[in-house]
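Read through the structure below, which is laid out as structure tokens, and then see the notes.
These numbers come from the heavy atoms of this one structure, side chains and all, not from hydrogens, waters or symmetry mates. Computed from a prediction, not measured in an experiment: that's the story for all the values here.
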Amino acid sequence: MKNNLKRSTAAVSAAAMAAVMTAASGSFTSTAETEMTVFPYTIEGEDMNDAALWDKIYTDEFPGFSGKGFTYITGSPVSFNITVPEDGMYQVSARCVQILDKGGRQQTISVNGVEYSLTVPYYDKWTDVDMGVIRLKKGTNEIAFLNKYGYLAIDTVTVKEAVFPDVTQADSVPCDPKATAETKALMKYLHSVYGKNIISGQQEIYGGGHVVQTTIRYDKEKDICIDSDGNEYTIDRESTGTDKDGNMFYWHCTGEDGRIYTYDEQNRSYKYDYYDQEFDWIADLTGKYPAIRGFDFMNYNPLYGWDDGTTQRIIDWVKNRGGIATACWHINLPTDFENYTPGDAVDWSVCSYKPNKQFKIANAVKEGTKENEYLNLAIEDLAEQFKILQDNNVPVMFRPFHEAEGNPSTTSDPVDGSGAWFWWSQDGANDYKELWKYLYDQLTNKYNLHNIIWENNLYAWSDASGEWYPGDDYVDIVGWDKYDTQYNRHDGLTSGPNEDCNSNIYWAINGYTNCKKMNAITENSTIPSISNLLTEKASWLYFCTWYDNGQDNFISGDNFNDPDKVKEMYQSDYCITLDKLPNNLYSSEEILPKWGDANCNGEVRLNDAVLVMQAIGNPDVYGINGTDKSHITEKGIKNGDVSGNGDGLTNMDALAIQKYLIGLIDKLPETEQ
């Protein structure tokens with residue numbers, strides 16, 4: 001998490017979008033505003049509203065245009081209207097000439113007043129340019145080309161229904177060929193739900209946690225720890241301390257539930273760190289816990305490191321709660337690195353993860369340098385924790401060196417790191433990728449750690465943003481961090497939490513890897529709404545809301561998340577919560593069918609029986625290749641074959657599910673009596 005960030009989501013990577021969208025083409029179709037537009041729809045540039053007719057750009061002629069000529073954006077916006085029957089995604093392309101800037105020129109499209117920007121390369125001949133995928137609302141929509149930077153010649157504009165690639169073709173095995181069985185099983189499960197569901201996640205607070213004061217005190221005369229209700233607590237007799245007045249006390253005591261309490265010298269009573277605050281808040285609101293819990297290895301470092309229990313909490317979440325763990329690494333540098341001796345302990349207040357020009361990233365991967373010595377010490381501390389996890393058969397989705405690139409570059413070099421938020425990306429994309437590969441090599445090859453699913457964190461400011469990607473051999477999941485404001489949105493609303501699903505970012509990031517990697521919202525303020533996710537086809541693998549810090553309460557603050565929408569998400573069939581994770585999540589064995597769960601949402605309900613009957617009665621719509629988005633799948637057919645005959649899907653399977661739901665049979669599949 002980075003506070004006070006300039007996180008614009010308006011920019012769209014045209015080249016990345018082009019890599020994953022089909023090329024635009026189509027016939028000329030004229031419709032009235034009150035009629036539904038027929039797609040593909042093409043309009044002559046000179047026929048747009050407020051468009052001037054040009055047949056050359058001053059003295060330069062550009063033969064080959066259609067119609068009477070073209071329009072040239074120099075002043076007022078030019079626009080046209082599209083009318084659609086329901087909300088949906090559409091691809092826009094324009095036949096253009098751009099001769100003003102050989103380095104490319106930024107152009108801006110407005111859709112119902114919401115702006116999207118992209119860079120159009122230099123073209124001195126008419127060229128079809130992918131202008132990106134946009135969302136149109138039910139009814140009439142205005143699409144406009146603005147003269148923000150302008151000077152774009154437009155012959156024609158074509159709009160067609162967007163066609164999206166099959167994201168389920170992403171890799172389903174870890175990039176580490178020696179990955180543990182549990183890591184492979186987790187990766188396989190993630191892939192099995194990718195494109196079909198979104199997994200819920202929540203980041204826990206790190207360090208000291210949320211501090212809760214209690215009434216527990218140490219009674220010296222009775223030599224007991226006791227609270228105001230008379231409950232006694234077990235004293236850790238090896239944790240003796242003395243306060244400033246010379247009074248003896250014990251640092252720790254323990255309750256019957258195993259919770260450890262720490263003595264607070266200022267209040268002369270005991271307190272505890274409440275790491276479950278956000279999770280219990282979600283459970284109280286929705287009746288569900290998130291499936292993914294976010295952790296941070298920040299406190300394991302060679303500077304001021306202390307064991308805040310992160311590793312043990314990961315083990316507990318995975319082994320005892322059956323959840324999934326993800327972790328970042330806010331690894332710090334000493335602020336005065338020049339005068340720091342590697343291995344020395346320093347106070348946390350003189351450390352930072354912000355850019356530090358005393359530390360050269362290129363040196364960090366070069367043996368014999370001070371930077372390399374420090375980095376190796378940090379990796380050693382980190383490896384010790386991952387070894388504990390690996391010994392306990394616990395895999396982790398690990399997101400080191402996160403939020404690569406930061407803000408867009410402030411110079412003419414788009415990948416020089418001048419917009420970096422963190423030290424690890426301050427020297428540009430090339431050094432960043434070498435740093436990533438060095439960490440991968442150290443953990444996997446030197447320390448033999450193979451319980452890691454590697455998550456790389458990218459942005460999509462421009463075509464160049466993909467240059468921060470380390471490569472397919474070093475990455476399993478590509479993440480993006482969603483921190484939106486109410487002013488930077490594309491859902492047509494002007495107030496309330498920004499529930500955008502940011503599909504333009506999703507498809508741009510997909511383009512960086514040619515859809516070979518799963519994509520996730522690895523941090524977020526506002527959770528995207530289900531309607532936005534489904535309408536815009538943004539198949540994010542999971543979201544992970546950042547923790548409450550008292551000032552920015554990302555999950556419990558209604559300025560970031562509407563409680564009703566949080567409840568809607570967590571209770572929906574589309575969202576995977578902790579209770580929906582399979583019991584054998586980390587087993588290398590094939591995941592067994594969830595008998596009766598024909599719609600594969602993790603539960604058995606009446607709508608499963610309905611889907612079975614629909615798939616049989618109307619296979620063109622609800623069958624395995626049906627046109628309806630809720631059609632049955634191969635897995636659904638396997639789950640739904642429960643009548644006991646093993647004869648494929650029949651109406652008897654629907655009947656068996658109904659009998660199970662009303663208690664006539666106690667298990668599925670139904671067996672003959």
Side-chain angles (χ1 to χ4, degrees), residues 1-8 203 205-208 294-306 308 327-342 344-365 369-379 381-382 399-411 413-436 438-439 455-459 461 465 468 479-483 522-523 525 546-547 549-552 554:
M1 165 59 188
K2 177 74 168 64
N3 291 326
N4 302 318
L5 303 183
K6 177 185 176 185
R7 300 175 188 255
S8 167
Q203 181 79 19
I205 194 170
Y206 54 81
F295 300 87
D296 198 323
F297 286 108
M298 177 179 184
N299 291 312
Y300 301 101
N301 66 71
L303 300 174
Y304 57 86
W306 79 87
D308 64 349
C328 56
W329 191 34
H330 279 91
I331 185 63
N332 279 255
L333 297 177
T335 306
D336 186 10
F337 187 74
E338 288 182 354
N339 295 309
Y340 170 72
T341 300
D344 284 356
V346 296
D347 188 83
W348 66 270
S349 63
V350 294
C351 305
S352 176
Y353 44 67
K354 295 180 180 179
N356 184 336
K357 291 303 181 181
Q358 296 180 15
F359 190 98
K360 305 301 180 185
I361 306 304
N363 286 344
V365 300
T369 66
K370 182 177 176 179
E371 288 92 339
N372 182 251
E373 185 179 358
Y374 172 77
L375 180 61
N376 287 341
L377 289 172
I379 294 174
D381 284 348
L382 179 68
R399 187 170 58 101
F401 304 142
H402 66 291
E403 295 177 358
E405 186 178 16
N407 281 330
S409 171
T410 59
T411 72
D413 184 349
V415 293
D416 65 356
S418 57
W421 297 319
F422 301 114
W423 64 261
W424 44 80
S425 52
Q426 66 187 13
D427 293 341
N430 290 332
D431 286 342
Y432 170 82
K433 288 185 286 189
E434 292 305 309
L435 183 68
W436 179 280
Y438 184 84
L439 176 64
E455 291 187 302
N456 183 229
N457 214 162
L458 299 178
Y459 283 94
W461 303 118
S465 293
W468 295 83
W480 174 72
D481 290 357
K482 173 188 186 312
Y483 290 93
T522 43
E523 290 182 24
S525 53
W546 204 246
Y547 61 82
N549 61 26
Q551 181 178 0
D552 293 320
F554 289 109

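Residues Ser349 and Tyr304 are not in side-chain contact: their nearest non-hydrogen atoms beyond the backbone lie 4.5 Å or more apart. With contacts defined as side-chain heavy-atom distances shorter than 4.5 Å, the pair Leu303/Tyr340 qualifies. Counting heavy atoms from C-beta outward, Leu439 and Ile379 have side chains that approach closer than 4.5 Å. Side-chain contact between Val415 and Trp468 is present, with heavy atoms from C-beta onward closer than 4.5 Å. In this structure, Asp336 and Val350 have side chains that are not in contact, with every pair of non-hydrogen atoms separated by 4.5 Å or more.
Take Thr411 and apply the side-chain hydrogen bond (donor to acceptor under 3.5 Å, both in side chains) test, not counting sequence neighbours, and it matches Ser409, Asp416. Residues meeting the side-chain hydrogen bond (donor to acceptor under 3.5 Å, both in side chains) test with Tyr374, sequence neighbours left out: none. The side-chain hydrogen bond (donor to acceptor under 3.5 Å, both in side chains) check on Asn372 picks up Asn376, Tyr438, with sequence neighbours excluded.
From Glu338, atom CD reaches atom NZ of Lys357 across 13.5 Å, with rounding to the nearest 0.5 Å. To the nearest 0.5 Å, atoms SG (Cys328) and CZ (Phe297) are separated by 9.5 Å. Distance check, rounded to the nearest 0.5 Å: NE2 of His402 to CD of Glu523 gives 5.0 Å. Atom CG of Asp308 is separated from atom CG of Asn299 by 4.0 Å, given to the nearest 0.5 angstrom. Here Arg399 contributes atom CZ and Asn456 contributes atom CG; the two are 10.5 Å apart, rounded to the nearest 0.5 Å. Interatomic distance, CZ of Phe359 versus OG1 of Thr369, reported as 7.5 Å (0.5 Å rounding).
Tested against Tyr353, the residues Trp421, Trp329, Phe422 include a single ring pair (Phe, Tyr, Trp, His ring centres under 6.0 Å) partner, Phe422.
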Which is it for Trp423 and Leu435 under the side chain to side chain contact (heavy atoms under 4.5 Å, CB included) test, yes or no, and what are the steps along the way? CA-CA 11 Å; Trp423 64 261; Leu435 183 68; 4.0 Å; yes

Worked verdict on Leu382 versus Tyr300 for side chain to side chain contact (heavy atoms under 4.5 Å, CB included): CA-CA 6 Å; Leu382 179 68; Tyr300 301 101; 6.0 Å; no

Using the side chain to side chain contact (heavy atoms under 4.5 Å, CB included) rule, take Leu458 and Ser465 through it: C-alpha gap first, then chi angles, then the decisive distance, then the call. CA-CA 7 Å; Leu458 299 178; Ser465 293; over 6 Å; no

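At distances below 3.5 Å, not a single donor-acceptor pair connects side-chain atoms of Asn301 with backbone N or O atoms of Ala378. For Glu434 (side chain) and Ala362 (main-chain N/O), no donor-acceptor pair under 3.5 Å exists by modelled atom type. Distance alone, capped at 3.5 Å, places no donor-acceptor pair between the Lys370 side chain and the Asn363 backbone. Listed for the Gln358 side chain is no donor-acceptor partner under 3.5 Å among the backbone atoms of Pro334. Looking only at distances, no side-chain donor or acceptor of Ser352 sits under 3.5 Å from a matching main-chain atom of Thr335. For Tyr547 (side chain) and Gly294 (main-chain N/O), no donor-acceptor pair under 3.5 Å exists by modelled atom type. With Asn332 contributing its side chain and His330 its backbone, the two residues share a donor-acceptor pair below 3.5 Å.
Classified by interplanar angle (parallel below 30°, tilted 30° to 60°, perpendicular above 60°), the ring pair Tyr459/Trp461 is parallel. Below 30°, between 30° and 60°, or above 60°: for Phe401 and Trp424 the angle between ring planes is between 30° and 60°, a tilted geometry.
Residues Pro400 and Tyr432 come closest through the heavy atom pair O-OH, 4.5 Å. Residue Ala364 comes nearest to Leu375 through the heavy atom pair O-CD2, 3.5 Å, listed as atom of the first residue, atom of the second, then distance.
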